[in-house]
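Working notes, structure below.
Just so we're clear, the structure is a prediction, and the values are computed from it rather than from any experiment. Only heavy atoms go into these numbers, but all of them, side chains included; no hydrogens, no water, no symmetry mates.
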Amino acid sequence: MSRTVSIPAEPGPLTLEAGKTALVVIDMQRDFLLPGGFGESLGNDVDQLLKVVPPLAALIAAARAAGMLVIHTREGHEPDLSDCPPAKLNRGAPSKRIGDPGRYGRILIRGEYGHDIVDELAPIDGEVVIDKPGKGAFYATPLQDVLDEHGITSLLVTGVTTEVCVHTTTREANDRGYECLVVSDCVGSYFPEFQRVGLEMIKAQGGIFGWVADTSVVIPALQQLTVTAA
Ligand code: C5J
């Protein structure tokens, strides 16, 4: 076991340090992933997101085994929608808005079945769950404080959707000084072309706001890393 590991990422290797790296799992919620949920009701192909679940489950298991901080996020709002700006509420299909009844309860409302994380990736005791009203995980949340408390400087970023909440969170984190490695087979978009271009954008221009690698290299790296090593 070692305190640091070099990941063969793109556009170049990234060194991660035990105890300073957290896994962030963004919005793997039933409303986005499940057949019949909010995402599918907007005409999206949820299979594009569901295929992320097996590699992400394996990555979460590796992070837990390494003793790494695991943080889950959920996009959603208070039942009275007081934290949902009109500019967000009033767009989209008029019959499918945040707060409306959906197959899995009121759409993207905290406490509803659809708002919670899919069973396969459910947080375990001690893991941090951040409820966020926006696309980015830093906006109007305690995420920065949580990372500061744990001395985190690097993030493994995963979840959905690649071009929306994953991108926004990675950009927010990059601007705050975190090194972000986006795990390519653990992020998903309803749109294959957005998935491809979204990943290209992160690592372009020498890694303009992050690094990209898949689980075939990230999981073995985590297996070499332990937060308890001297
Ligand atoms: C979206 C997200 N796409 N988690 N949310 O509205 O990316």
Trp211 and Val183: CA distance, side-chain angles, deciding distance, side-chain contact (heavy atoms from CB on, under 4.5 Å) verdict: CA-CA 9 Å; Trp211 286 257; Val183 187; over 6 Å; no

Okay, side chain of [X], backbone of [Y]: is any donor-acceptor separation there less than 3.5 Å?
{"X": "Thr162", "Y": "Gly188", "result": "yes"}
{"X": "Lys203", "Y": "Gly206", "result": "no"}
{"X": "Asp31", "Y": "Ile107", "result": "no"}
{"X": "Asn44", "Y": "Val46", "result": "no"}
{"X": "Arg196", "Y": "Pro192", "result": "no"}
{"X": "Thr169", "Y": "Gly136", "result": "no"}
{"X": "Ser41", "Y": "Phe38", "result": "yes"}
{"X": "Gln195", "Y": "Val187", "result": "yes"}
{"X": "Lys88", "Y": "Pro133", "result": "yes"}
{"X": "Gln29", "Y": "Glu75", "result": "yes"}

Do [X] and [Y] have side chains that get closer than 4.5 Å, going by heavy atoms?
{"X": "Pro55", "Y": "Cys186", "value": "yes"}
{"X": "Leu156", "Y": "Leu16", "value": "yes"}
{"X": "Thr158", "Y": "Ile26", "value": "no"}
{"X": "Glu10", "Y": "Ser184", "value": "no"}
{"X": "Leu181", "Y": "Thr21", "value": "no"}
{"X": "Ile202", "Y": "Ile208", "value": "no"}
{"X": "Asp45", "Y": "Gln48", "value": "yes"}
{"X": "Val166", "Y": "Thr161", "value": "no"}

ring-ring contact (aromatic ring centres under 6.0 Å, His included) partners of residues 141-170, not counting sequence neighbours, each pair once: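 Residue pairs passing ring-ring contact (aromatic ring centres under 6.0 Å, His included), neighbours aside: His167-Phe209.
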
Full working for side-chain contact (heavy atoms from CB on, under 4.5 Å) between Val25 and Leu59: CA-CA 10 Å; Val25 183; Leu59 181 64; over 6 Å; no

Asp185/Thr215 under side chain to side chain donor-acceptor pair (under 3.5 Å): CA gap, chis, key distance, verdict: CA-CA 7 Å; Asp185 51 341; Thr215 50; 2.4 Å; yes

Once you round to the nearest 0.5 Å, how far does [atom1] of [X] lie from [atom2] of [Y]?
{"X": "Thr15", "Y": "Lys20", "atom1": "OG1", "atom2": "NZ", "value": "12.5 Å"}
{"X": "Lys135", "Y": "Glu163", "atom1": "NZ", "atom2": "CD", "value": "10.5 Å"}
{"X": "Ile109", "Y": "Cys84", "atom1": "CD1", "atom2": "SG", "value": "7.5 Å"}
{"X": "Thr153", "Y": "Tyr178", "atom1": "OG1", "atom2": "OH", "value": "8.5 Å"}
{"X": "Phe138", "Y": "Thr168", "atom1": "CZ", "atom2": "OG1", "value": "12.0 Å"}
{"X": "Glu120", "Y": "Leu50", "atom1": "CD", "atom2": "CG", "value": "8.0 Å"}

We want to know whether [X] and [Y] form a side-chain donor-acceptor pair, criterion being a heavy-atom distance below 3.5 angstrom.
{"X": "Glu179", "Y": "Ser154", "result": "yes"}
{"X": "Tyr190", "Y": "Glu40", "result": "no"}
{"X": "Glu17", "Y": "Thr4", "result": "no"}

Path from [X] to [Y] over hydrophobic side-chain contacts below 4.5 Å:
{"X": "Met201", "Y": "Val160", "value": "no"}
{"X": "Val70", "Y": "Val5", "value": "yes"}
{"X": "Met68", "Y": "Val129", "value": "no"}
{"X": "Leu23", "Y": "Val118", "value": "yes"}
{"X": "Ile98", "Y": "Val164", "value": "no"}

For Phe191, ring pair (Phe, Tyr, Trp, His ring centres under 6.0 Å) partners two or more places apart: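 Phe194.
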
Residues that His77 engages under ring pair (Phe, Tyr, Trp, His ring centres under 6.0 Å), provided they are two or more places apart: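 Ring pair (Phe, Tyr, Trp, His ring centres under 6.0 Å) list for His77, sorted by chain: empty.
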
Looking only at non-hydrogen atoms, find the nearest pair between [X] and [Y] and report the distance.
{"X": "Ala137", "Y": "Ile130", "value": "O-CG2, 4.3 Å"}
{"X": "Pro13", "Y": "Ser6", "value": "CB-OG, 3.6 Å"}
{"X": "Ala18", "Y": "Leu225", "value": "N-CD1, 3.9 Å"}

Audit row: Tyr139, Glu172, side-chain contact (heavy atoms from CB on, under 4.5 Å) steps and yes/no: CA-CA 8 Å; Tyr139 169 68; Glu172 286 180 327; 3.7 Å; yes

Evaluation steps, side-chain contact (heavy atoms from CB on, under 4.5 Å), between Thr73 and Thr141: CA-CA 10 Å; Thr73 73; Thr141 76; over 6 Å; no

So, are [X] and [Y] salt-bridged, with charged N and O less than 4.0 Å apart?
{"X": "Asp83", "Y": "Arg110", "result": "yes"}
{"X": "Arg74", "Y": "Asp27", "result": "no"}
{"X": "Arg30", "Y": "Asp119", "result": "yes"}

Set of residues satisfying salt bridge (charged side-chain N to carboxylate O under 4.0 Å, His left out) with respect to Glu112, sequence neighbours excluded: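 Glu112 satisfies salt bridge (charged side-chain N to carboxylate O under 4.0 Å, His left out) with no residue once adjacent residues are dropped.
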
Pairs touching residues 98-107 that satisfy side-chain hydrogen bond (donor to acceptor under 3.5 Å, both in side chains), sequence neighbours left out: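 Matches after skipping sequence neighbours: none remain.
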
Contact list for residues 59-72, test side-chain hydrogen bond (donor to acceptor under 3.5 Å, both in side chains), sequence neighbours left out: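 Counting only pairs at least two positions apart or across chains, the side-chain hydrogen bond (donor to acceptor under 3.5 Å, both in side chains) contacts touching residues 59-72 are Arg64-Glu127, His72-Glu127.
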
